[in-house]
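Following: one structure in structure tokens, then a few remarks.
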Amino acid sequence: MRKLMRTPIVVGIIIVLIAMLGFLKYGLHSSQSPVNVWITTADQSKLLHQEADLAWVKDNTPNDSTIVIYGEKVYQQIDGFGAAMTDSSAWLIANKLNPEQRSDLMNKLFDHKQGIGISYLRLPMGATDFSLKSYTYDDMPEGQTDPKLQSFSIDYDKSYIIPTLHKAKELNPDLKIMGSPWSAPAWMKTSGSLIKGSLNPDFYQAYAEYFTKFVQAYAAEGLSIDAITPQNEPHFEPDGYPGMRMEPADQANFIKSHLGPAFEKAKLGTKIVIWDHNWDEPYYPIQILIDPETSKYIAGSAFHGYAGEVSSQQKVHDLFPNKDIYFTESSGGEWAPDFAGSLKWDMQNLIIGSTRFWAKTVLKWNLALDESFGPKNGGCPNCRGFVKIDQKTGAISYNPEFYAFGHASKFVRAGAYRIDSNTLGSGNIEDVAFRNPDGSEVLIAFNSAAESRSFKVQQGGNAFSYTLPAGAAATFIWTGEKRGTK
């Protein structure tokens, strides 16, 4: 009888001991999932390399080296990270690689698991300084015009640009495309040439229909155009390749009286995004958006990074908080041959800086160029793509921009929202945080100090710690709690 009475007591004691051992082993740790870590170092010894997972621990005491993530506060929704599918880039991919090389490159560019998962592409509408020749979708013999656009055609794009876009879309179904022209057809311009000049007001309506036909023609090819800009770099008239000047009043008039109504009449969902030029002239989009009759057709403003400061994006956002901000161009090049310096600039100004200042897209210039920084059609003599393709061998080299952007595009999915986090600032750990549609959360960090820095990341009552080498970038991703976004 006594033995039977002792058995439940012994069993109870054993259960308590097991529970206590479990607490000692696991109780100090959060129930959150492990943190995956990916790192790129300034010396290139690690390039988007996955490190050992980190564990959360119970910790709600921040210090001077703590990045606190407040997931309840959300900012802009992200459309994606990427580059431009220029004529030169598409031609190289389609014509200078064998099938195995092409498949490998496309997977590394667009697949999330095998590569960096690029989710947004900018598509030039016709020729740029990186094309095999100068062309538009409605070229006419000198002295002739085509106001009814009877000669409009995207046939040039069908041989290798559109097939390459289809392959990219197949690898990443979330991929979106923005169209941007460098010039209207020569017969529409005051110069009568693709070089220099501005849009002749007599052809404003024809040019609006030109955009409409472009969107419709691409839709007929199975490719949706998410957005267009009326003009690439409207305050720059290059003298060696296609370009066109367009002042704020002219762009506003074109949108308000022609392009906006044309898209509306055709029932197109394609967004209209203005400016598409450098940070140093935020007054340009402001002058356009201040008119409500024009503003109603406009989704947002796009910026380039060749002049000015990224904080200019904030000025436009603050005045027009309901309009989106896009970052659409900046090129790497041999003027900045140092890997560490290129990684630093992109991480500080674009991946972290531009998104902290409201950008929903962050794009570089050419996706791919060859060993001679081409093919070129005038313009930049030493611009660099995400990748270099050797025309003779098909050998592929991955440039600093590939790794910098990979720290975002591989992990921050289309539809993610930026969420609140403090940053330790320049000369320390700089960062930005996001929540993906599936609830996973991402922190991108860069150590801009001259020495290694240790820091803590805290969310709620949990934290993890990490030491990042000088000049290194890291992405941390974990399964967060599913919450509402906006």
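What you see is a predicted model, and the numbers here were worked out from it, not measured in a lab.
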Decide ring pair (Phe, Tyr, Trp, His ring centres under 6.0 Å) for Y466 and F476; before the verdict, give the C-alpha distance in whole Å, the side-chain angles of both, and the deciding distance to 0.1 Å.
CA-CA 10 Å; Y466 199 74; F476 305 89; 5.2 Å; yes
Regarding K256 and E293, does a basic nitrogen lie under 4.0 Å from an acidic carboxylate oxygen?
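Judged by the 4.0 Å cut-off on N to carboxylate O distance, K256 and E293 do not form a salt bridge.
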Please answer whether the main-chain N or O of [Y] pairs with a side-chain N or O of [X] as donor and acceptor at a distance below 3.5 Å.
X: Q251; Y: M246; answer: no
X: Q101; Y: N98; answer: yes
X: D370; Y: S372; answer: yes
X: N447; Y: L468; answer: yes
X: D390; Y: E371; answer: no
X: R356; Y: D431; answer: yes
X: D111; Y: K113; answer: yes
X: K410; Y: G115; answer: yes
X: T212; Y: A208; answer: yes
X: R122; Y: M85; answer: no

By ring pair (Phe, Tyr, Trp, His ring centres under 6.0 Å) - contacts of Y403 (at least two apart)
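Partners of Y403 by the ring pair (Phe, Tyr, Trp, His ring centres under 6.0 Å) criterion come out as none, since no residue qualifies.
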Parallel, tilted or perpendicular for [X] and [Y], by the 30°/60° rule?
X: F211; Y: F254; answer: tilted
X: F464; Y: W56; answer: perpendicular
X: Y156; Y: Y135; answer: parallel
X: F214; Y: Y218; answer: tilted

With R435, which of V442, I69, I419 fulfils side-chain contact (heavy atoms from CB on, under 4.5 Å)?
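So, applying the side-chain contact (heavy atoms from CB on, under 4.5 Å) to R435 and each of V442, I69, I419, only I419 qualifies.
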Does the ring centre of [Y] sit less than 6.0 Å away from the ring centre of [X]?
X: W182; Y: Y241; answer: no
X: Y207; Y: Y210; answer: yes
X: Y284; Y: H235; answer: yes
X: W38; Y: F411; answer: yes
X: F434; Y: Y417; answer: no

For [range], which residue pairs qualify under salt bridge (Lys or Arg N to Asp or Glu O under 4.0 Å), counting only residues two or more places apart or in two chains?
range: residues 373-386; value: E334-R384, R384-E401
range: residues 211-229; value: K158-E221, D226-K271
range: residues 303-318; value: none

Could you check D157 against Y137 for side chain to side chain donor-acceptor pair (under 3.5 Å), going step by step and ending with a plain yes or no?
CA-CA 9 Å; D157 294 9; Y137 298 130; 2.6 Å; yes
Under a 3.5 Å cutoff, is there a donor and acceptor pairing between the side chains of [X] and [Y]?
X: D155; Y: S153; result: yes
X: H407; Y: T40; result: yes
X: S134; Y: N377; result: yes
X: Y75; Y: D420; result: yes
X: W478; Y: E441; result: yes
X: D174; Y: S119; result: no

I'd like to know whether S330 forms a side chain to side chain donor-acceptor pair (under 3.5 Å) with H304, so could you lay out the CA-CA distance, the side-chain angles of the two residues, the decisive distance to 0.1 Å, and finally the verdict.
CA-CA 6 Å; S330 172; H304 295 186; over 6 Å; no
For E209, enumerate each residue passing the side chain to side chain donor-acceptor pair (under 3.5 Å) test, keeping only those at least two apart in sequence or located in another chain.
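For E209 the side chain to side chain donor-acceptor pair (under 3.5 Å) partners, ignoring immediate neighbours, are Q205.
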Going through the checks in order, is the side chain to side chain donor-acceptor pair (under 3.5 Å) test met by Y306 and E329?
CA-CA 8 Å; Y306 302 113; E329 188 184 316; 2.7 Å; yes
Donor-acceptor pairs under 3.5 Å, side chain of residues 344-352 to any protein atom, not counting sequence neighbours: which ones?
| residue | atom | partner | partner atom | Å |
| --- | --- | --- | --- | --- |
| D346 | OD1 | K364 | NZ | 2.9 |
| Q348 | NE2 | E430 | OE2 | 2.7 |
| N349 | ND2 | W345 | O | 3.0 |

Using side chain to side chain donor-acceptor pair (under 3.5 Å), reason through T86 and N366 one step at a time and then give a plain yes or no.
CA-CA 6 Å; T86 58; N366 291 274; 2.8 Å; yes
So, using salt bridge (Lys or Arg N to Asp or Glu O under 4.0 Å) as the criterion, who are the partners of [X] when residues are at least two apart?
X: D43; result: none
X: E264; result: none
X: D324; result: K360

Kindly indicate whether the side chain of L105, heavy atoms from C-beta on, has any atom under 4.5 Å from the side chain of I93.
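The answer is yes, as the side chains (C-beta and beyond) meet within the 4.5 Å cut-off.
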Does some side-chain heavy atom of D87 sit less than 4.5 Å from a side-chain heavy atom of I161?
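Side-chain contact under 4.5 Å: yes.
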Pairwise distance CG(L367) to CD1(I118) - rounded to 0.5 angstrom:
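So the CG of L367 and the CD1 of I118 are separated by 5.0 Å.
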Gap between atom OG of S440 and atom CG of N36 - 0.5 Å precision:
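Reported value, rounded in 0.5 Å steps: 10.0 Å.
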Which pairs pass ring pair (Phe, Tyr, Trp, His ring centres under 6.0 Å) with one or both residues in residues 95-123, sequence neighbours excluded?
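Qualifying pairs, neighbours excluded: none.
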Between Q459 and V68, does the side chain to side chain contact (heavy atoms under 4.5 Å, CB included) criterion hold? Intermediate values first, please.
CA-CA 6 Å; Q459 187 176 44; V68 180; over 6 Å; no
Between F405 and F386, does a ring pair (Phe, Tyr, Trp, His ring centres under 6.0 Å) hold up when you go through it step by step?
CA-CA 9 Å; F405 272 65; F386 265 30; 5.4 Å; yes
Pairwise disulfide (SG to SG under 2.5 Å) hits with a residue in residues 325-377, at least two apart
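The answer is none; no pair qualifies.
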Only pairs at least two apart or in different chains count here, so list each disulfide (SG to SG under 2.5 Å) that has a residue in residues 376-416.
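Disulfide (SG to SG under 2.5 Å) check on residues 376-416 returns C380-C383.
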Check the pair T229, I274 against side chain to side chain contact (heavy atoms under 4.5 Å, CB included), reporting the backbone distance first and the verdict last.
CA-CA 6 Å; T229 64; I274 59 173; over 6 Å; no
V37 vs L54, test: side chain to side chain contact (heavy atoms under 4.5 Å, CB included). Steps then yes/no.
CA-CA 7 Å; V37 186; L54 303 175; 3.7 Å; yes
